Amino acid sequence: MRQRIAALVETALLAAAAAEELVASPFPAVIVGTPVNPDHGDFSCNIAMQAAKAERKAPRQVAEIIIRHIGNGNGLLSTCEIAGPGFINFFVAPSAWHQALLEIETQGGAFGRTATGACQKVQVEFVSANPTGPLHIGHGRGAAIGDTICRLLGASGWDVTREFYYNDAGQQITNLALSVQARCLGIEPDDERWPVDGYQGEYIKDVSSSYLAKETVDSDDRHVLALGDPNNLDAIREFAVAYLRREQDLDLKAFDVHFDVFTLESSLYENGNVEAVVKQLGANGHTYEQDGALWLRTTTFGDDKDRVMRKSDGAYTYFVPDIAYHRNKWERGFTRVVNEQGSDHHSTITRVRAGLQALNCGIPQGWPEYVLHQMVTVMRGGEEVKISKRAGSYVTLRDLIDEVGRDATRFFFIMRKPDSQLVFDIELAKEQSPDNPVYYVQYAHARICSIFENAGEKGFMAPLQPSLSDIAILNTPEELQLIKLLAALPDTVDDSALHFEPHRLTYYLTELACCFHSFYNKNRVISEDSALTTARLYLLKRTAQTLKNALTILGISAPERM
RNA sequence: GCGCUCUUAGCUCAGCUGGAUAGAGCAAUAGCCUUCUAAGCUAUAGGCCGCUGGUUCGAGUCCAGCAGGGCGCACCA
């Protein structure tokens, strides 16, 4: 609806320009807002104030011209008035709202989806955890935010590729293999033979016993048979990586998070991408040798100091394959790429972008885009939770899903802006009370389903494709408010996707649930008045559908009974 | 010390790429179940938007400085 209002303004501006009543062209961007105060209409626009100076007219005078060209907006508006210093306030006609309600039914499960992305390709990389242990709570927030951003982008018309990048060959993985080997040989972490920087978690024992038992492991991107030989470090490495990848896959599946592409850091060495990048950076004159190492002059591109590319021991630092990886993304045709990461890795942003600029291969400066999430603190009964038996030092994603459930975990992880810190209160997430926003929203859906069960027993049902006049009796303030909120879903999806901010949709859902509960308490749906009953049933049918569509975009279920 | 980020009601947080009188939930207080799920609703109260300047018709929102919290600052990833 907001977009339709904006379109009305655009058209009016062009008409006014054609009639030579307004001169400035191009006009400032048309921004349509929703006033807090209902007296200011359903929507408002500040374009007259924005354009006033260039037009050399008073804002209210500009507004008057625009309004004249809008008229009643082809029946969309009941009134349209100038207010305050030059706002244009739009009052949408009730019939237009009723029409919008009918369109929700027509669109069905697709209601809320938009064509904004125009099927353009976008790639989202998230989680990207190395296979050295189970996914922890930080990965969990990354998984929830990244996955929801994918769903939001998909819902607003983008062609999304979900990608997971990991390192299966570096020093970390060697430490992993050595740790598993040590466990195979019965060496404990307090033993002096225990490897330096070894992984001490209990899960390493599981890997070693599975390896010794010659088990087979299948992950989403690997199939490995254990040799069982504790002296074969390469075999252990292969197996350990596959084993932990499978564990991560299982955790992610339990979280309903899926990927289209897995990219291995080692593949970038094997296919020559890393060497090619090093060569190109050198050819472009951005590298130099110093202290036995090869450096990249990232300071040319805004970094606060230059970075080592190749250590004196001959190995590349991690960010070289990172640059190669991102060029690879670019070459795959992703002119839009989003990386979701923990904010503790934010220093890589400047480095990767600098490397890409140094390649001088047509990549724009701000590419790729980043979404960084802040830390998560887990609380239980007012106390911070830190220890997990399995991992030794942190709370795993699996622990959380097992205890509070997938829906609540997902909702809690995304209900705050990514760049604000999150307190995850386990007790609250498990609570079945209105304090818990997940239950509050899901309960609204279940409650409506229950009404329909009751209505069915009394012989009522929501009409299929009623006429405008059938639902025109839905004109109390509560009913209209509910309809307006339903109609706002597509705009909310677009906003959330545009800003990579899933929490906007959780706030929308809470507001919608609140609006419904309020309506429910004030009005009886099933009554003697059969025309009103069926009209209200129709409204609730659309409400349930909208709740479900929005929850689905968040990857959260809409239970029919609670 | 440098970089990024955050600071809004007692608590947890929104505030829609600068808009009209700053919102919600919890906690507090007072109410609402013989009636479609009380896992719900209604009402009251609660504010120097960290501080100081600046930009303009207009600032919680943008800019600068200051204070405080978090995260980074490796020839780790």
Side-chain angles (χ1 to χ4, degrees), chain A residues 2 29 31-37 39-40 44-46 49-50 52-53 59 83-87 89 128 130 132 167 170-172 197 265 290-295 303-305 307-319 322 342-350 372 374-375 377 415-417 419-423 425 428 431-437 439-440 442-444 446-455 457-458 460 491-492 494-496 498-499 501 503-504 506-508 510-511 513-514 516-527 533 536-537 540 561-562:
Chain A
R2 197 179 61 197
I31 296 168
V32 173
T34 51
V36 189
N37 185 339
D39 292 343
H40 297 145
S44 71
C45 184
N46 63 0
M49 288 179 286
Q50 301 288 348
K53 193 170 273 182
F87 289 103
N89 292 340
S128 290
N130 284 341
T132 55
N167 178 1
Q171 186 58 43
Q172 280 193 356
D197 296 328
E265 187 181 310
Q290 187 183 306
D291 304 329
L294 181 67
W295 296 69
D303 204 354
D304 51 5
K305 56 177 156 182
R307 305 291 168 178
V308 170
M309 293 170 65
R310 190 174 57 221
K311 298 183 274 181
S312 47
D313 69 3
Y316 289 114
T317 54
Y318 75 95
F319 91 99
D322 233 22
S343 64
D344 54 340
H345 287 74
H346 79 260
S347 60
T348 65
I349 299 175
T350 314
L372 303 178
Q374 295 279 339
M375 314 236 60
T377 311
M415 73 182 183
R416 303 285 178 237
K417 212 170 13 181
D419 60 10
S420 66
Q421 293 176 45
L422 173 69
V423 175
D425 185 335
L428 176 61
E431 210 168 287
Q432 305 197 344
S433 76
D435 302 3
N436 184 342
Y439 283 90
Y440 182 78
Q442 289 183 322
Y443 177 58
R447 205 176 205 183
I448 295 173
C449 292
S450 162
I451 293 171
F452 275 96
E453 230 170 77
N454 193 285
E457 285 165 15
K458 291 180 176 151
F460 287 111
D491 290 335
T492 307
D494 270 345
D495 285 342
S496 305
L498 175 70
H499 297 276
E501 290 182 341
H503 75 280
R504 295 188 190 217
T506 66
Y507 275 87
Y508 168 82
T510 307
E511 193 184 348
C514 177
F516 158 71
H517 286 309
S518 182
F519 167 79
Y520 172 90
N521 272 275
K522 201 159 182 175
N523 301 285
R524 231 185 132 67
V525 177
I526 301 166
S527 67
T533 298
R536 283 182 169 166
L537 283 173
L540 291 199
R561 196 183 285 267
M562 289 174 77

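Each chain gets a letter, A, B and so on, in the order the sequences are listed, and its residues count up from 1. Here the structure is a predicted model, which means the values were calculated and not measured.
Side-chain contact between A/R447 and A/Y520 is present, with at least one heavy-atom pair separated by less than 4.5 Å. Side-chain atoms of A/P85 and A/P59, non-hydrogen and from C-beta on, never get closer than 4.5 Å to each other. Contact of the A/N454 side chain with the A/F460 side chain is not registered, since no non-hydrogen atoms from C-beta on lie closer than 4.5 Å. In this structure, A/N167 and A/Y318 have side chains that are not in contact, with every pair of non-hydrogen atoms separated by 4.5 Å or more.
When the nucleotides B/A77, B/U5, B/G72 are ranked by their closest atom to the side chain of A/H346, B/G72 comes out on top. Closest to the side chain of A/D344, out of B/A14, B/A77, B/C71, is B/C71. With B/G69, B/A74, B/C75 as the choices, the nucleotide that has an atom nearest any side-chain atom of A/A293 turns out to be B/C75. For A/Q374, whose side chain is taken as the heavy atoms from C-beta onward, the closest listed nucleotide among B/C75, B/G70, B/C57 is B/G70.
Contact annotation: side chain of A/T34 to base of B/C16, donor-acceptor pair present below 3.5 Å. A/Y439 contributes no side-chain N or O that forms a donor-acceptor pair with the base of B/A39 under 3.5 Å. Judged by atom type and distance alone, A/H345 does not reach the base of B/G72 through any side-chain donor-acceptor pair under 3.5 Å.
A close approach under 4.0 Å does occur between a side-chain nitrogen or oxygen of A/S518 and OP1 or OP2 of B/U42. OP1 or OP2 of B/C76 lies within a sub-4.0 Å distance of a side-chain N or O belonging to A/K311. Between B/A38 and A/Y520, a contact under 4.0 Å exists linking OP1 or OP2 to a side-chain N or O. At least one side-chain nitrogen or oxygen of A/K417 sits closer than 4.0 Å to the OP1 or OP2 atom of B/G15. For A/R2, no side-chain nitrogen or oxygen approaches OP1 or OP2 of B/C16 to under 4.0 Å. Remark: A/S420 is in phosphate contact with B/A14, judged by side-chain N or O atoms under 4.0 Å from OP1 or OP2.
The CZ atom of A/F319 sits 12 Å away from the C1' atom of B/A74 (whole-angstrom rounding). Rounding to whole angstrom units, CD of residue A/Q421 and C1' of B/G69 are separated by 7 Å. B/U5 atom C1' lies 16 Å from atom CG of A/L422, rounded to whole Å. Note: CZ (A/F516) to P (B/A39) measures 13 Å, nearest angstrom. When the P atom of B/C16 is taken as reference, atom CG of A/D491 falls 15 Å away, rounded to whole Å. Between the C1' atom of B/A74 and the CD atom of A/Q290 lies a distance of 15 Å, rounded to the nearest Å.
Remark: the separation of the C1' atoms in B/A9 and B/G15 is 14 Å, to the nearest Å. For the C1' atoms, the distance from B/A39 to B/C49 is 34 Å, rounded to whole Å. With both ends at atom P, the span from B/A20 to B/U29 equals 34 Å, rounded to whole Å. Taking the P atoms as reference points, B/G69 lies 23 Å from B/C62, given to the whole Å. If you take atom C1' in B/G47 and the same atom in B/C11, they sit 15 Å apart, rounded to whole Å. Comparing the P positions of B/C33 and B/U42 gives a spacing of 15 Å, expressed to the nearest Å. To the nearest whole angstrom, the two C1' atoms, one in B/A45 and one in B/G23, are 16 Å apart. Rounded to the nearest Å, the gap between the P atom of B/U21 and that of B/A14 is 24 Å.
Along RNA chain B, the nucleotide nearest A/V525 and the nucleotide nearest A/R307 are compared for position; the residue whose nucleotide lies closer to the 5' end is A/V525. The residue among A/T350 and A/D291 whose nearest nucleotide of RNA chain B is located toward the 5' end is A/T350.
Rounding to the nearest 0.5 Å gives a distance of 8.0 Å between NZ of A/K305 and CH2 of A/W295.
In secondary-structure terms, RNA chain B builds stems of at least 3 consecutive Watson-Crick or G-U pairs, each pair having both distances under 3.5 Å, at B:1-7 with B:67-73, B:10-13 with B:23-26, B:28-32 with B:40-44, B:50-54 with B:62-66.
Under the rule for a side chain to side chain donor-acceptor pair (under 3.5 Å), the partners of A/T533 that lie at least two apart in sequence or sit in another chain are A/S527.
Salt-bridge check for A/D494 with A/R2: failed, with every basic side-chain N at 4.0 Å or more from each acidic carboxylate O.
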Summary of protein contacts for nucleotides 17-28 of chain B, nucleotide by nucleotide, where a base hit scores B, a sugar-phosphate-only hit scores S (4.0 Å, heavy atoms): S-BBB----S--

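Taking 90° from 0 as the syn/anti boundary, the base of B/C62 is oriented anti.
Both tests do not hold together for A/R307 against A/F319: distance to the six-membered ring centre under 6.0 Å, angle to the ring axis within 45°.
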